Amino acid sequence: MSELIRFENVTKSYENGKTILNNINFTINSGEFITLIGKSGCGKTTLLKLVNRLIKPDSGNIFIEGKEIKNWDIIKLRRSIGYVVQQVGLFSHMTVEENIVYILDLKKNNLLEKKKKANELINLVGLDESYLIKYPRELSGGQKQRVGVARALAGNPEIILMDEPFGAVDDITRRGLQDELLKLHKELGKTIIFVTHDIEEAFKMGDRTVLMNDGNIIQSGTLEQLLFNPKSKFVETFFGIKDFIAYLSLTTVKEVMKPLNNIDKISPRLLKVNSNIKLIQAIKIILESNSENLLVMDSSEKEIGIFSLSNISYNK
Ligand SMILES: Nc1ncnc2c1ncn2[C@@H]1O[C@H](COP(=O)(O)OP(=O)(O)OP(=O)(O)O)[C@@H](O)[C@H]1O
Ligand SMILES: [Mg+2]
């Protein structure tokens, strides 16, 4: 994988002198899906805004495709980076269509091309063309989020920055949006930096998860690296690791699965697992196979339930 974005000794503070980002060193490869997690105020949004030069670092450098960000033509840079802002931020006086193709106006595309693009993108995010003439106020929270994603994709950017894009929707809608985004990521191969404060979302979506605190990157890695090889007490506590790992390693799938009803239709494509495997093994299978559900079998090979990550409920 080739390097796409690199932070080198980046620091940022505001007038009051408080350090917001403290010597950030980090590299993101082309095509990676990075999730950024950490407490409110730790600097996640600030880090994102540095990438598309909405703000400038006080010191240090950010490189994109090996070229220092300040040497990029700003228009070209913004076009190659899609941005889904925290709280969606659709333009309320514009229709869905105008919102989606907004960036193309900057690119001086003609009307027909814009229309085609809007149709293509609205379908891509799981809505139909009838939404294009609506205004943001006529949409549900989840629909707004979808339009936000469509807008970020409009300029066909290499990099997409997403700041808690699914923060404001209910759990079921969020799961749907997450799955669709993962599918899009697979199909389009974009590089995504995705901010979230939901641990499950961070691990589900990210190839790597970056944990921040007080303007520092504390640790980055895969679920296994962060859970099994925490570099510090802070990482351990953040993910509630010790107890959580004990829970995952001791609980069987059978204890948390959703039992099958006779009427349940079972997809023949579901991966089968034994009911006695532990949650930690089931999670691995889910992550590695990119499946959402597993079909749980008892020792006599009878189908007895469905397991998905949402069955895991753990309260410290
Ligand atoms: N324009 C600004 N002027 C002064 N301080 C700012 C400014 N923007 C952000 N900050 C401060 O910088 C810190 C980091 O802000 P940032 O928005 O990056 O946090 P965050 O991790 O995205 O938080 P959240 O999860 O709540 O969105 C906060 O303490 C915030 O108050
Ligand atoms: Mg933020």
Side-chain angles (χ1 to χ4, degrees), residues 33 35 37 123-128 140-143 145-146 149 165-187 192 194 196-209 222-228 239-316:
F33 197 131
T35 49
I37 193 166
N123 286 313
L124 197 64
V125 297
L127 297 173
D128 63 55
S140 72
Q143 290 161 347
Q145 308 266 8
R146 287 169 198 264
V149 173
F166 310 145
V169 293
D170 63 87
D171 281 352
I172 293 173
T173 310
R174 181 172 333 127
R175 279 173 188 287
L177 289 166
Q178 288 169 345
D179 292 339
E180 280 163 37
L181 181 62
L182 282 175
K183 208 167 127 231
L184 279 180
H185 177 246
K186 242 183 159 169
E187 284 166 10
I192 300 179
F194 181 110
T196 175
H197 55 243
D198 179 322
I199 294 176
E200 189 188 327
E201 181 168 74
F203 286 134
K204 173 177 176 182
M205 305 300 285
D207 299 322
R208 274 195 296 159
T209 294
T222 60
L223 169 118
E224 279 134 25
Q225 288 164 336
L226 290 169
L227 291 189
F228 297 115
F239 297 112
I241 289 180
K242 279 225 171 84
D243 294 347
F244 188 48
I245 289 194
Y247 164 78
L248 295 179
S249 339
L250 294 171
T251 312
T252 61
V253 163
K254 191 176 173 180
E255 293 170 65
V256 301
M257 70 180 191
K258 182 173 163 282
L260 277 183
N261 287 317
N262 289 333
I263 47 164
D264 282 342
K265 272 224 178 78
I266 301 160
S267 156
R269 287 192 308 260
L270 281 183
L271 274 181
K272 294 176 178 171
V273 296
N274 188 284
S275 61
N276 289 326
I277 66 166
K278 303 293 192 282
L279 295 185
I280 195 85
Q281 294 165 286
I283 293 171
K284 262 198 164 151
I285 295 172
I286 284 195
L287 292 176
E288 279 165 11
S289 62
N290 233 333
S291 345
E292 199 173 328
N293 299 304
L294 300 176
L295 181 57
V296 183
M297 318 287 284
D298 70 8
S299 44
S300 58
E301 294 290 301
K302 187 170 161 253
E303 299 162 346
I304 57 169
I306 299 286
F307 172 78
S308 73
L309 293 182
S310 62
N311 298 138
I312 300 175
S313 69
Y314 173 74
N315 300 307
K316 269 179 276 181

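No experiment lies behind these values; they were computed from the predicted model shown.
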Please report the interatomic distance [atom1]([X]) to [atom2]([Y]), rounded to the nearest 0.5 Å.
X	Y	atom1	atom2	result
D128	N123	CG	CG	7.0 Å
E301	N274	CD	CG	7.5 Å
L182	K204	CG	NZ	6.5 Å
L223	Q225	CG	CD	9.5 Å
R146	E180	CZ	CD	4.5 Å

With under 30° as parallel and over 60° as perpendicular, where do the rings of F239 and F203 fit, or are they tilted in between?
tilted
Any heavy-atom pair between the side chains of [Y] and [X] that's under 4.5 Å?
X	Y	value
L270	E303	no
N311	L279	no
T196	M205	no
L295	I306	yes
K183	L124	no
E201	I37	no

For A202, is there any backbone N or O sitting under 3.5 Å from a side-chain donor or acceptor partner on T209?
yes
Going through the distances and angles, do I312 and F307 end up as a side chain to side chain contact (heavy atoms under 4.5 Å, CB included)?
CA-CA 9 Å; I312 300 175; F307 172 78; 4.1 Å; yes
Mind listing the closest non-hydrogen atom pair of S275 and I304 along with its distance?
CB-CD1, 3.8 Å
What verdict does the side chain to side chain contact (heavy atoms under 4.5 Å, CB included) test give for L181 and F33, after you've listed the backbone C-alpha separation in whole Å, the side-chain angles of each residue and the deciding distance to 0.1 Å?
CA-CA 10 Å; L181 181 62; F33 197 131; 3.8 Å; yes
Donor-acceptor contacts, no H, no angles, side chain residues 280-294, under 3.5 Å, sequence neighbours left out:
from : atom 1 : to   : atom 2 : distance (Å)
Q281 : OE1    : K278 : N      : 2.8
S289 : OG     : I285 : O      : 2.6
S289 : OG     : S291 : N      : 3.4
S289 : OG     : S291 : OG     : 2.4

Indicate every side-chain donor-acceptor pair of residues 248-259 with a distance under 3.5 Å to a residue at least two apart or in another chain.
from : atom 1 : to   : atom 2 : distance (Å)
S249 : OG     : I245 : O      : 2.4
T251 : OG1    : Y247 : O      : 2.6
T252 : OG1    : E255 : OE2    : 3.0
E255 : OE2    : T252 : N      : 2.9

Please determine whether side chain to side chain contact (heavy atoms under 4.5 Å, CB included) holds for the pair Q143 and L127, giving the CA-CA distance in whole Å, both sets of side-chain angles, and the decisive distance to 0.1 Å.
CA-CA 8 Å; Q143 290 161 347; L127 297 173; 4.0 Å; yes
